[in-house]
Amino acid sequence: MEIPPEVVIRATIKTGAVFYFPEETLTSSDPHFFIVLNVDPLADEAIVLVCPTSQINKVKHRYRDCPRETLVLVTPDEYPDFSVHSIVDCNVVWEKDVSELVQKLSDGELQLKERMEASIVETIRQGVLASPRIER
């Protein structure tokens, strides 16, 4: 018996959940990692996500005028699903409805990854709060 996608998403969507899927608003059609930042995602209107990238120098240059804590480095030692050092740009967030994630899973576009450690997620969350580019 196959578990319905909505049940899978609702069971796994917690702080630090990591999903891997293509995002239409990015220039690359390749899948990307997305990390859930919400404290209680199912109770919130929108799921707040950040997207790490391996293009560390490019991101550091682009956001050189932003507070240092808005750029969070995560290594494969800290998060084993990353194969390379990655940076989380806390100056950009995505908001998704649970239904969007369910649809991506239904369409075979979304993969569930290992949950990220709470301490790393908290550092990222603080970076988002420190960003002058993110509305409260």
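Two residues are said to be in side-chain contact when any heavy atoms from C-beta on lie closer than 4.5 Å; Asp89 and Val50 fail this criterion. Residues Val92 and Tyr63 meet the side-chain proximity criterion, which asks for heavy atoms closer than 4.5 Å. A heavy-atom distance below 4.5 Å is found between the side chains of Val36 and Leu49. Between Leu71 and Asn91, the closest side-chain pair of non-hydrogen atoms falls below 4.5 Å. The shortest side-chain heavy-atom distance between Phe19 and Lys104 does not fall under the 4.5 Å cut-off. Between Val18 and Asp81, the closest side-chain pair of non-hydrogen atoms is not below 4.5 Å. Pro31 has its side chain out of reach of Leu110: every pair of non-hydrogen atoms, C-beta onward, lies at least 4.5 Å apart. Residues Thr15 and Arg125 are in side-chain contact: their nearest non-hydrogen atoms beyond the backbone lie under 4.5 Å apart.
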- When you look at Ile124 and Cys90, which way does the side chain to side chain contact (heavy atoms under 4.5 Å, CB included) test go after all the steps? CA-CA 7 Å; Ile124 295 168; Cys90 301; 3.9 Å; yes

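The backbone N or O of Glu117 sits nowhere less than 3.5 Å from a side-chain atom of Tyr79 that would complete a donor-acceptor pair. Between the Arg10 side chain and the Val7 main chain, no donor and acceptor come within less than 3.5 Å of each other.
Taking the six-membered ring for Trp and thresholds of 30 and 60 degrees, Phe33 and Tyr20 have ring planes inclined between 30 and 60 degrees apart.
When the shell of 6.0 Å around CD of Glu24 is examined, it contains more than 12 heavy atoms from other residues, nucleotides or ligands. The neighbour count for Lys96 NZ, taken as heavy atoms of other residues, nucleotides or ligands under 6.0 Å away, is above 12.
We find the CH2-CD distance between Trp94 and Glu23 to be 7.0 Å, quoted to the nearest 0.5 Å. Separation of atoms OG1 (Thr123) and CE (Met116) is listed at 10.5 Å; rounding is to 0.5 Å.
Salt bridge Asp65/Arg133: present, at least one basic N to carboxylate O contact under 4.0 Å.
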